[in-house]
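Have a look at the structure below before the remarks.
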Amino acid sequence: MYTSKTADLKHDSPKNCKILELPKIHDPRGNLTFIEETNHVPFKIKRIYYLYDVPGGESRGGHAHKELEQFIIAANGSFDVILDDGKTKQVYQLNRSYYGLYVPRMVWRELDNFSSGSVCLVLASEPYEEEDYIRDFDEFKKRVMK
Ligand code: TYD
């Protein structure tokens with residue numbers, strides 16, 4: 001199961017952020033999960049990338065996206081995703097490969113607490129574009145307060 005821990009501020013999720021359960025085919029030979037963009041992810045998948053070999057104590061992310069939507073899966077191991085829409089902040093612990101976390105546009109994200117050997121698989125709605133990033137938290141806050 002995934003767990004969510006309230007970091008501070010409010011007890012609900014940041015706007016439109018949600019955990020989605022994926023199909024899981026149980027099999028004594030090993031389990032299988034699949035993702036179809038029209039059925040399981042609320043956007044057209046244009047890019048896939050993954051984080052791996054993350055050294056203990058390191059964190060990733062630390063930005064928001066102007067337009068990009070993402071779906072984040074702990075394909076192996078576990079890590080925490082801290083989401084903040086400017087009003088509500090919440091920590092999601094991902095530790096099962098059949099759950100994904102949907103992150104819409106304009107949500108600040110940080111990923112930390114990676115377990116050894118963990119793999120963070122990310123499905124994205126657009127190709128990589130540096131211009132879509134907001135890497136300054138104050139700028140992010142200014143934009144969401146407008
Ligand atoms: P970044 O998205 O900042 O990493 P994270 O949020 O996971 O910590 O990306 C790190 C670097 O990798 C940055 O220089 C851009 C490059 N990059 C690509 O070239 N293509 C991609 O699809 C991604 C996600 C990153």
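Indexing begins at 1, ligand by ligand and atom by atom, following the structure's order.
- Of the protein's non-hydrogen atoms, the one nearest atom 20 (N) of ligand 1 is Y128 CG, 3.4 Å.
- One finds a salt bridge joining D27 and R29 here, because a Lys/Arg side-chain nitrogen approaches an Asp/Glu carboxylate oxygen to under 4.0 Å.
- For atom 8 (O) of ligand 1, a protein heavy-atom neighbour is found at a distance under 4.0 Å.
- Checked against the 6.0 Å centroid threshold, F34 and H40 count as a close aromatic pair.
- Taking atom 1 (P) of ligand 1 as the reference point, the nearest protein heavy-atom neighbour is Y133 OH, 3.7 Å.
- Counting only heavy atoms of the protein, atom 11 (C) of ligand 1 lies nearest to R60 NH2, 5.0 Å.
- Close N/O approach between L51 and ligand 1 is not found [any backbone or side-chain N/O within under 3.5 Å].
- Annotation: R47 places an N or O atom under 3.5 Å from an N or O atom of ligand 1; distance criterion only.
- Backbone and side-chain nitrogen or oxygen atoms of Y49 are examined, and none is located within less than 3.5 angstrom of a nitrogen or oxygen of ligand 1.
- In the hydrophobic clustering of this structure, L101 groups with V54; members are Ile, Leu, Val, Met, Phe, Trp, Tyr whose side-chain heavy atoms approach within less than 4.5 Å, directly or through other members.
- Looking only at protein heavy atoms, the nearest one to atom 6 (O) of ligand 1 is H63 NE2, 2.5 Å.
- Judged by the 6.0 Å distance and 45° axis criteria, R135 is positioned over the aromatic ring of Y133.
- Side-chain contact, E69 with Y102: a donor N or O sits under 3.5 Å from an acceptor N or O.
- Counting non-hydrogen atoms of other residues, nucleotides and ligands closer than 6.0 Å to OH of Y52 gives a total of 12 or fewer.
- Distances shorter than 4.0 angstrom do not occur between any heavy atom of R109 and any atom of ligand 1.
- With respect to E126 and R105, no salt bridge is recorded, no charged nitrogen being found less than 4.0 Å from a carboxylate O.
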